[in-house]
Amino acid sequence: MNVRAVAARLLGQVLGPGQSLALVLPPALARVAPCDRGLLQELSYGVCRWQPTLQALLDRLLERPIDPRESVVRSLLLTGLYQLHYLRIPEHAAVAETVAAARQLHKSWAAGLVNAVLRSFLRRRTELLAMLEMDREAHTAHPRWLLDALERDWPDDWPAIVAANNTRPPLTLRVDARRFSREDYRLRLADAGWTAEPAAAPTALILAESVEPTLLPGFASGWISVQDAAAQWAAPLLDLHPGLRVLDACAAPGGKTGHLLESAPDLDLTALDRDATRLERVRETLTRLQANARLVVGDAAHPAAWWDGVPYDRILVDAPCSATGVIRRHPDIKLLRRERDIAALAEAQQTMLNNLWSLLRPDGRLVYATCSVLRQENEKVVAAFLTAHPDARESPITADWGRALSHGRQILPGEAGMDGFYYAVLVKRTPVLGGESWRLPF
Ligand SMILES: C[S@@+](CC[C@H](N)C(=O)[O-])C[C@H]1O[C@@H](n2cnc3c(N)ncnc32)[C@H](O)[C@@H]1O
């Protein structure tokens, strides 16, 4: 099938029933010829990244809106506009192939419409693009609720956040510190013909060009993993030592679990996740890394169902969140996330944090992390937690990355090439015997 038709069908599943690209793209990639995979990926990510802009163009080109049930036709039109506006595909080929895709999708009735809309765009391009300058959502390619939230939370930084969200992310690796220094592995990459530069975390390397990671030296043997540098701060913040008992409370797919196990020997680590299918990915990851953990399917907000009653020295809460810090990697978040989700996520994060606290031993350390840039999911959750837990204190993060907030530290997307991430470190005070007060552990 024509790669544009495949793209339109999978994008229809994102725009219509709201499936994620992570779910619908891999099976589609497997169905197309290897030579078409790059273009399929480009069209899928590109249309999601620029959908608010493309939709605004389409609205101005159509005499009446497309029937909402025809999400595949709408996706095909957006795919056509994306090629004409953002890619260097010859215009006649982009139009002809997109019209042909309509027929392949058994939407012959739409072939004339696709042809007319794309040709009209080519004729009216300058005038239409000037109109978009006045339209905030179209101009920034972000939905209004998200723009409002970014502007409220980051009055000085929101334009840079928006710009970073619309870029393609770099390919960042984590080098397994048990086997190589970052520099040793960088030299091995250079021997194999790949250029990489140190990134903002001690184990992170950024590749100069995008490559299928499995082709890199030692990938199958676990020498490296794909992980953004921002995500590589969780393990150092946990202050791990050999033999500690650690809970990774939202572990799947296991990116940070693997890093924790690479950071100190003989950890007694429990990797918990509510989703059994995703937890299987942790098993696969750990097998490749030759690392061991106890895998448990369970709800972090309800530990009574799975906890054995032995306290943990360290807990990582890499909480489910809006993922507004990783939009450049997952541009479909712009289409799938709704404003009302944020309050519900913050409530779930609060409950999870509150209910996991009693599993931490006195003097123990809990790291709360999200890949969100919204204060409601980050410092506000931590502030409410600290108010409700007098036996908790925050250990301020002193670092040359990110920025200090009233609680915790925030990395904004694109800063030092990193994804947007939030971290806070919470320490349990030691109770003083016979008293109401607590002693500070460190
Ligand atoms: C941000 S992802 C974790 C990413 C992971 N730490 C990594 O580095 O690869 C959040 C995870 O939390 C899981 N999750 C969501 N709600 C949960 C709950 N109540 N209890 C346990 N896991 C949960 C999701 O299934 C998802 O795998």
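Just so you know, ligand 1 is whichever comes first in the structure, and atom 1 is the first atom listed for that ligand.
- Below 4.0 Å from some heavy atom of Ala249 lie the following atoms of ligand 1, by number and element: 21 (C), 22 (N).
- Using a 4.0 Å cut-off between heavy atoms, Ala251 contacts ligand 1 through its backbone alone, with no side-chain atom that close.
- Closest to atom 12 (O) of ligand 1 by heavy atom, among Cys250, Ala348, Ala301, is Cys250.
- Contacts between Arg274 and ligand 1, counted as non-hydrogen atom pairs separated by less than 4.0 Å, involve both the backbone and the side chain.
- Of the charged side-chain nitrogens involved, none lies within less than 4.0 Å of a carboxylate oxygen, so that Arg179 and Asp184 do not count as a salt-bridged pair.
- The single protein non-hydrogen atom nearest to atom 9 (O) of ligand 1 is Gly255 N, 2.9 Å, given as residue, atom name and distance.
- Taking Arg49 as the reference, nothing meets the side-chain hydrogen bond (donor to acceptor under 3.5 Å, both in side chains) condition, with sequence neighbours excluded.
- Considering backbone and side-chain N/O atoms, Leu272 never comes within less than 3.5 Å of an N/O atom of ligand 1.
- Taking Asp341 as the reference, Arg337 meet the salt bridge (charged side-chain N to carboxylate O under 4.0 Å, His left out) condition, with sequence neighbours excluded.
- At a cut-off of 3.5 Å, with distance as the only test, a side-chain donor of Thr430 or Asp363 sits close to an acceptor on the other residue.
- The shortest contact between atom 4 (C) of ligand 1 and any protein heavy atom is with Ala252 O, 3.1 Å.
- Here's the thing with Gln227: none of its N/O atoms is less than 3.5 angstrom from an N/O atom of ligand 1.
- Taking only non-hydrogen atoms, the option from Asp273, Leu316, Leu279 nearest to atom 24 (C) of ligand 1 is Asp273.
- Atom 1 (C) of ligand 1 has as its closest protein heavy atom Asp318 O, 3.8 Å.
- A centroid separation of less than 6.0 Å is found between the aromatic rings of Phe180 and Trp223.
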Evaluation steps, side-chain contact (heavy atoms from CB on, under 4.5 Å), between Asp273 and Val297: CA-CA 5 Å; Asp273 204 280; Val297 179; over 6 Å; no
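- A salt bridge is absent between Glu137 and Lys334; no separation between the charged side-chain nitrogens and carboxylate oxygens falls under 4.0 Å.
- When ring centroids are compared, Trp233 and Phe421 stay outside the 6.0 Å threshold.
- Comparing heavy-atom distances from atom 19 (N) of ligand 1 across Asp228, Asp299, Thr285 singles out Asp299 as nearest.
- Using modelled atom types, no side-chain atom of Arg31 and backbone atom of Met1 make a donor-acceptor pair closer than 3.5 Å.
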Step by step, work out the side-chain hydrogen bond (donor to acceptor under 3.5 Å, both in side chains) result for Arg174 and Thr203. CA-CA 5 Å; Arg174 183 186 78 235; Thr203 43; 5.7 Å; no
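- Using 4.0 Å as the threshold, Gly298 has a heavy atom nearer than that to some atom of ligand 1.
- Checked by distance only, ligand 1 and Met352 stay at 3.5 Å or farther apart across all their nitrogen or oxygen atoms.
- In terms of protein heavy-atom proximity, atom 20 (N) of ligand 1 is closest to Ala300 N, 2.8 Å.
- Looking at atom 15 (C) of ligand 1, its nearest protein heavy atom turns out to be Pro320 CG, 3.4 Å.
- Remark: distances from the non-hydrogen atoms of Ala369 to ligand 1 are all 4.0 Å or more.
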